[in-house]
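In this text, all values refer to a predicted model and were calculated from it rather than measured experimentally. The figures here come from the full heavy-atom set of this structure, side chains too, leaving out hydrogens, waters and symmetry mates.
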Amino acid sequence: MDHSRAPVLEALQAYHRTGQTPFSPPGHKQGRGADPRVVEVLGEAVFRSDVLASAGLDDRSSSGGILEKAQELMADAVGAEHAFFSTCGSSLSVKAAMLAVAGPHEKLILGRDAHKSMVAGLILSGVEPIWVDPQWDPGLHLAHPPSVDSFAAALAANPEARGVLVTTPTPYGTCGDLEGLARLCHEHGKPLIVDEAWGAHFPFHPDLPTWAMDAGADLCVTSIHKMGSGLEQSSVFHLQGDLVDPAVLKARADLLSTTSASVLVYAALDGWRRQMVERGRALYDRTLALAERVRAAVEQLGGLHVYGRDEFVGPGLAFDMDPLQVIIDVSGYLPPGYAMHDWMREHHQVNLHLSDQLRISAQLTHADDEQSAGKLLDGLADLVKHVDELPRAAVRIPSPSRMRLEQVMPPRDAFFAETEQVPVEQAAGRISAEMLTPYPPGIPAVVPGERLTHEMLSYLRSGVDAGMVVPDSVDSSVKSVRVVAF
């Protein structure tokens, strides 16, 4: 295939060149109706290229096959058989992937370190989760993707399960053994779905972790906006093999996706694929070298430590790691990572990736260079000098065994049950009717249908007091909790 072509971008150029005049949405009519104050911030080009996909970018019947051609090029670029663009983010894509494999009252085996979007998929679909515990590092209080052996035990105990869904890499950059897991699933005739939202760059450099399609996964979801050059909400389904019907996947995705897809998102996806095919290897040669220098420099700052392979990868831990996620241990200081995250934004205009009570992190991509890395390092060096001025708070972290709650009702049943809001002091022993999700990274500490415990509630309450954000709860202060009514 000719990867110098970019069908969506070329069609957009043709739309402008031929002087099309829309009497159809969007109502701003290429920015002519937009408030000049909005145009001043967003720019004219955004509105000018915000056109309909059909009866705009393409004709009324989409006879040009513009999107299909762009998707074929994407599939070819990453070694998949099919690729489907989504403009609703991987939060939607992963739901569609789940529905393509399992339906109401059917079982799906999932890692319990799943993103909240998967739990939302369970609630919407009525699929019954079979949870597999991640590999907990009790010393670091960190979860890595579940082991192949853990998934094997779940498959043996639930042979009727429709498939397996794993999240790798995690937001902390640690990866599971996808080749081993794909072999296991296929021995049982089950499809493997991978939420690889943080791994869109993996296909384009051999020194990055193995990409899901190369590992033998059947269906993979990537977020191009996370580590690639896509606009926010850009996501791609990648599919291969015969265990998931592409027509079924397309139909399930159509249930959830918008009928007003953003051409801006499509165009950026198309351009990123071309960029990676033509220049990805060289870009990541440079970025990986930059990451090594950043890691070494942070290590020289007093009190900060960058986690490496020897701490993240090994027996009982992760199978691999993405070196572009720079995870920094700040546990040597009393202020939690949340306060450090906020301080960096306020004093150095540096927005870190994620933070928890023990860590802060910086995500590097092919867009970073010595200038952006230098700003990060200057901010961290100044942080060390002022860390004693930051507010201190202790988060009461349960042991790994106490972080795992008992699932006593299906998530859908609990979410739609009759509920009541009770003070947190009275919530232990009750069944949660809501997700309670520290964000980022967006992995629910509590799933609807799980029985609440004193330890978990104490963790969340002390976390909020220390700066943790729990945005999906009815009461974001977690002073009260929504539970299933007696």
Side-chain angles (χ1 to χ4, degrees), residues 1-78 80 82-89 92-93 200 204 222-225 228-238 246-247 250-251 253-254 256-280 283 366-367:
M1 290 189 177
D2 182 1
H3 283 280
S4 67
R5 304 294 303 273
V8 177
L9 286 165
E10 292 165 8
L12 198 50
Q13 286 179 316
Y15 183 91
H16 297 321
R17 186 177 62 250
T18 56
Q20 303 291 322
T21 301
F23 289 92
S24 62
H28 58 72
K29 301 295 180 74
Q30 296 186 277
R32 295 191 301 275
D35 187 323
R37 294 168 295 182
V38 178
V39 175
E40 184 180 1
V41 176
L42 297 183
E44 294 181 1
V46 170
F47 288 100
R48 185 166 180 260
S49 294
D50 183 31
V51 303
L52 287 178
S54 58
L57 187 74
D58 207 337
D59 63 22
R60 181 176 58 82
S61 61
S62 298
S63 65
I66 294 164
L67 182 59
E68 288 75 12
K69 291 174 184 176
Q71 291 175 154
E72 288 170 4
L73 285 164
M74 178 68 80
D76 184 71
V78 300
H82 307 275
F84 302 99
F85 291 177
S86 171
T87 66
C88 298
L92 178 141
S93 299
F204 301 107
T222 57
S223 291
I224 310 305
H225 63 95
S229 299
L231 298 176
E232 282 293 311
Q233 296 184 211
S234 56
S235 177
V236 182
F237 302 94
H238 302 281
K250 190 173 184 298
D254 192 54
L256 301 171
S257 59
T258 178
T259 56
S260 305
S262 171
V263 163
L264 292 167
V265 174
Y266 284 160
L269 280 169
D270 200 22
W272 175 77
R273 180 268 314 156
R274 180 173 62 181
Q275 178 189 27
M276 287 295 102
V277 171
E278 293 180 344
R279 301 182 55 218
L283 286 170
H366 63 289

Would you say the side-chain atoms of [X] pair up with the backbone N or O of [Y], donor to acceptor, closer than 3.5 Å?
| X | Y | result |
| --- | --- | --- |
| D58 | G64 | yes |
| Q20 | G56 | no |
| S235 | T222 | yes |
| R48 | G43 | no |
| Q233 | T87 | yes |

Sub-4.5 Å side-chain heavy-atom contact between [X] and [Y]:
| X | Y | result |
| --- | --- | --- |
| P7 | L73 | yes |
| E68 | S62 | no |
| K29 | F23 | yes |
| R273 | H3 | yes |
| H238 | M74 | yes |

The side-chain contact (heavy atoms from CB on, under 4.5 Å) partners of V46 (sequence neighbours excluded) come to L264
Residues passing the side-chain contact (heavy atoms from CB on, under 4.5 Å) test with S61, sequence neighbours excluded, are D59, S63
Does atom CZ (R32) have a neighbourhood of more than 12 heavy atoms from anything else shown, all under 6.0 Å? yes
**Prompt:** Near E278 CD, under 6.0 Å, is it more than 12 heavy atoms from other residues, nucleotides or ligands?
**Reply:** yes
side-chain hydrogen bond (donor to acceptor under 3.5 Å, both in side chains) pairs touching residues 7-16, sequence neighbours excluded, are R5-E10, H16-S49
Nearest atoms (heavy-atom pairs only) where [X] meets [Y]:
| X | Y | answer |
| --- | --- | --- |
| V39 | G31 | CG2-O, 4.5 Å |
| T258 | S260 | OG1-N, 2.9 Å |
| A200 | S223 | CB-O, 3.9 Å |

[atom1]-[atom2] distance between [X] and [Y], expressed to the nearest 0.5 angstrom:
| X | Y | atom1 | atom2 | result |
| --- | --- | --- | --- | --- |
| D270 | Q275 | CG | CD | 12.0 Å |
| L92 | F237 | CG | CZ | 6.0 Å |
| H366 | S229 | NE2 | OG | 2.5 Å |
| Y266 | L57 | OH | CG | 10.0 Å |
| Q71 | L269 | CD | CG | 9.5 Å |

Should L52 and V263 be marked as a side chain to side chain contact (heavy atoms under 4.5 Å, CB included) after you check the CA-CA gap, both sets of side-chain angles, and the distance that decides it? CA-CA 7 Å; L52 287 178; V263 163; over 6 Å; no
Begin with the C-alpha distance, continue with both residues' side-chain angles, and end with the deciding distance and a verdict on side chain to side chain contact (heavy atoms under 4.5 Å, CB included) for K250 and H82. CA-CA 11 Å; K250 190 173 184 298; H82 307 275; over 6 Å; no
Would you call the rings of H28 and F47 parallel, tilted or perpendicular if under 30° counts as parallel and over 60° as perpendicular?
-> perpendicular
